[in-house]
Enquirer: 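Sharing a structure below in structure tokens format, with a few things to ask.
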Protein chains: 2
Amino acid sequence: MKRRHATLSDIAKALNVSASTVSRALHDSPLIRKETKDSVIAMAKALNYQPNQQAIGLLNKKTKIIGVIVPEITGYFFATAINGLQDFVENTGYKLIIGQSNESFDQEAKLMETLSLARVDGLIISPTSETTSNIHLEKFRESGIPVVVFDRDCPNFLSDKVFVDDYEGAFQAVDYLIKTGCRKIAHLGGPANLTTCRCRKRGYLDALTQNGITPDPQLILEVPGFTPDCGEEIIRDLLDREAIPDAIFAVNDAVAIGTMPVILEKGLRIPQDISLIGFDDEPYSQYFMPSLTTVWQPVYELGLLSGRILMNHILHSPEEYDYRYELLKPELIVRQSSKPLV
Amino acid sequence: MKRRHATLSDIAKALNVSASTVSRALHDSPLIRKETKDSVIAMAKALNYQPNQQAIGLLNKKTKIIGVIVPEITGYFFATAINGLQDFVENTGYKLIIGQSNESFDQEAKLMETLSLARVDGLIISPTSETTSNIHLEKFRESGIPVVVFDRDCPNFLSDKVFVDDYEGAFQAVDYLIKTGCRKIAHLGGPANLTTCRCRKRGYLDALTQNGITPDPQLILEVPGFTPDCGEEIIRDLLDREAIPDAIFAVNDAVAIGTMPVILEKGLRIPQDISLIGFDDEPYSQYFMPSLTTVWQPVYELGLLSGRILMNHILHSPEEYDYRYELLKPELIVRQSSKPLV
DNA sequence: TTCTTCCATGCAAACCTTTGCATAAATATT
DNA sequence: AATATTTATGCAAAGGTTTGCATGGAAGAA
């Protein structure tokens, strides 16, 4: 039961006017007589007319599509950021095409190729942990397509950028641990190629030194990924040593949670023997026993703001554009996996 | 530094041939001489030619875009389904536009309007818990756009459908509880408007009766949503009664996990006093203490298969089409929140 | 040589919308 | 009454691609 979509000239023929008149009438042009407008609008409704976006796009070289590339979509973090983005975009008439790079540079490059072919009007991207080159991004910018980089930075690439202040979050967390009496604080850091992980590590180090504690290289570890498995594996190593830490600051909640069963299994208590702090405030983190102390990030806002900034750039792209740099503030959420302040 | 994208006629002019020749050459038409082809291909590469999808789409009335509507995107379930879908679509040249209805019928209808305007070539949808009418879906089908309904059914709507066998999963879970000695099994069911929830409840009831246990209406509750909060709230009610159950079968993992702190807080042990089973096998479920027994669903495959079926319908749409109905098999994952078999 | 056949290419229409310019009719001005 | 102005509409081009049909030339056949 396929039937053609109604077009402008369908309406035109039905009313014995020209397509241009119909077009103008539907755009409420002052050139058109009131009665003509009314009959056109009525007929458009009757025929269930929907303007053909492809034809319009062809004419003004716009697709009203925004491309989004994230490392993965199934995790809480990026899913929530996309959520914010969606909510922002919803009423703008723009649509989102989402791709996930699976932390692979090749996939990322391929996705950008696809999005370029689809002629997206703008791109919002959080690069993979493998991404060290900006050539693919530069290509985008050269063709005049606005890009917003969010959460993870692409150093040396010039564009709008929206991040969370990871340094600050990490600093607060570790500072809190020290204030509750911890001294041998281990850090389970993430892939060092990611700016987020480097910032968190810097926050960790600075919190230590500013409190007069010399960082112990033995206690600074790196997990290869962001899953509980990674935490589980690395904590076994750590706890097999002679001197065990009295606190752990993990790169994210998932890694922290992976360590919990192992710690408890060894007969150690959380937080009495080992305090534990994560990062992200994932929905389940408060339901663990003990509930997980963590650093909350304004992820939804991260997505929303990225969308707003991109849209602004798309709509009022002036020749001289000042790239924006936004740093959102995280917040320490104290729960039961860390000791209370004295 | 905006510069126009190269077009067919740019290549044509550069080589002193016509645009049609260029088009045919790039499509490797047998009508074109080998040398001509070679020079065209070389020039296309030199000018970084990318065919304009909008122009092509305008001509053959295709957008190569698939619309996806899910109730929410931040949860593990739908995010993973979308993941499977993405992976399938990736190499087909099709793109995905994803919208979330937030369990609101109005938002769902509005999204469908947007997708219809965007002229998507097909739609994959999991309806909201509010959706009781199919008018918006029928409109889609009438304009000849293939639709695949997945996970949650829209009864009386004729289309391809891909589901998980919720009945079977629930039956297995409850049957297992009975076999491990539980008799007073409570069910924390989800919104009864959803087919998935109704199927799980039926599985629960049938498992009871087939094992000679008369269902106790007192033990059959309904949560308003799918979050841990909902579980937390309802379990307080349940445990305040005189006769407490010896097992709980929750509509999903999130609800089950919400009950855990409350149960333990009351001094009850899991599974010795109360066995607990969820549904979904969310990534964190195995990291709780005790780890959660649950019903795993082939979610990734659900998305993948939905994509495959839709694509098949789009590409070889015959006049007489037999709608497909697929039922994927879930699997009980026994962990520590339920007693072992004797 | 002349006619046929085939090969390689070009022309133009179609897809649908928007918009500058032209035109026709109606009204206002002198 | 004749000209100037306004008002409402139509024409045609442009945007980039595909494709049926026409055309030009060259090679083959008679």
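All chains are named by letter (A, B, ...) in the order of the sequence lines, taking the proteins before the strands, and each is independently numbered beginning at 1.
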Enquirer: Between dT17(D), dG10(D), dC21(D), spot the one nearest the side chain of R24(B), thanks.
Expert: dC21(D)
Enquirer: Round to a whole Å and report the spacing from CG of D38(B) to P of dA8(C).
Expert: 13 Å
Enquirer: Is there a side-chain contact between H27(A) and the phosphate of dT18(C), meaning an N or O under 4.0 Å from OP1 or OP2?
Expert: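 The answer is yes; a side-chain N or O of H27(A) sits under 4.0 Å from OP1 or OP2.
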Enquirer: As a test of reading the structure: which of dG16(D), dG10(D), dT9(D) is closest to the side chain of I32(A), going by heavy atoms?
Expert: dT9(D)
Enquirer: Taking side chain as C-beta onward, heavy atoms only, is R324(B) less than 4.5 Å from K161(B)?
Expert: no
Enquirer: In whole angstroms, how far is the P atom of dA8(D) from the CG atom of L15(A)?
Expert: 17 Å
Enquirer: In whole angstroms, how far is the C1' atom of dG15(D) from the CD1 atom of I56(A)?
Expert: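 From I56(A) CD1 to dG15(D) C1': 13 Å.
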Enquirer: If only side-chain N and O atoms of S23(B) are considered, is one of them under 4.0 Å from the OP1 or OP2 phosphate oxygen of dT18(D)?
Expert: yes
Enquirer: Do any side-chain nitrogens or oxygens of T21(A) fall under 4.0 Å of OP1 or OP2 in dG10(D)?
Expert: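 Yes, because at least one side-chain N or O of T21(A) sits under 4.0 Å from OP1 or OP2 of dG10(D).
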Enquirer: Would you mind reading off the distance between Q54(A) atom CD and dT17(C) atom C1', rounded to a whole angstrom?
Expert: 12 Å
Enquirer: With nearest nucleotide decided by heavy atoms, which residue, K61(B) or P30(B), maps closer to the 5′ end of DNA chain C?
Expert: P30(B)
Enquirer: Of the candidate nucleotides dG16(D), dT19(C), dG10(D), which contains the atom at the shortest distance from the side chain of V17(A)?
Expert: dG10(D)
Enquirer: Give the rounded distance in Å between these two atoms: NZ of K62(B) and P of dA14(C).
Expert: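 Nearest whole value for this atom pair: 21 Å.
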Enquirer: Is a side-chain donor-acceptor pair under 3.5 Å present for Y325(A) with D160(A)?
Expert: no
Enquirer: Compare the minimum distances between each of dC11(C), dA8(C), dT19(D) and the side chain of T36(B), then state the nucleotide with the smallest one.
Expert: dA8(C)
Enquirer: Can you check the K37(A) NZ to dT9(D) P distance for me, whole Å?
Expert: 10 Å
Enquirer: Which nucleotide in the list dT9(C), dT19(D), dC15(C) gets nearest to the side chain of L58(B)?
Expert: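 Out of dT9(C), dT19(D), dC15(C), the nucleotide with an atom closest to L58(B)'s side chain is dC15(C).
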Enquirer: Counting only heavy atoms not in K37(B) (residues, nucleotides, ligands), do more than 12 fall under 6.0 Å from its NZ?
Expert: yes
Enquirer: More 5' along DNA chain D: N16(A) or L59(B), using each one's nearest nucleotide?
Expert: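 The residue mapped nearer the 5' terminus is N16(A).
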Enquirer: Could you tell me how far apart L8(B) (CG) and dT9(C) (P) are, to the nearest whole angstrom?
Expert: 16 Å
Enquirer: Would you say the side-chain atoms of S20(B) and S23(B) include a donor-acceptor pair closer than 3.5 Å?
Expert: no
Enquirer: Return the orientation label for the F78(B) and F150(B) ring planes: parallel under 30°, perpendicular over 60°, tilted otherwise.
Expert: perpendicular
Enquirer: What nucleotide, of dT9(C), dT17(D), dT17(C), holds the atom closest to the side chain of Y49(A)?
Expert: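 Among dT9(C), dT17(D), dT17(C), the one nearest the side chain of Y49(A) is dT17(C).
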Enquirer: Under 4.0 Å, counting only non-hydrogen atoms across every strand here, what does L31(A) touch: a base, just sugar-phosphate, or nothing?
Expert: base
Enquirer: Measure CZ/R33(A) against P/dT7(D) and give the value in whole Å, please.
Expert: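 Atom-to-atom, R33(A) to dT7(D), this comes out as 13 Å.
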Enquirer: If you only use heavy atoms from C-beta on, which nucleotide in dT17(D), dC21(D), dT17(C) is closest to the side chain of T7(A)?
Expert: dT17(C)
Enquirer: Can you find a donor-acceptor pair, distance only, under 3.5 Å between S9(A) side chain and dC16(C) base?
Expert: no
Enquirer: Please examine the side chains of V40(A) and L26(A), heavy atoms only from C-beta on, and report whether any two atoms are closer than 4.5 Å.
Expert: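 Side-chain contact under 4.5 Å: yes.
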Enquirer: Between dT9(D), dG10(C), dG16(D), which one does the side chain of A55(B) approach most closely?
Expert: dG16(D)
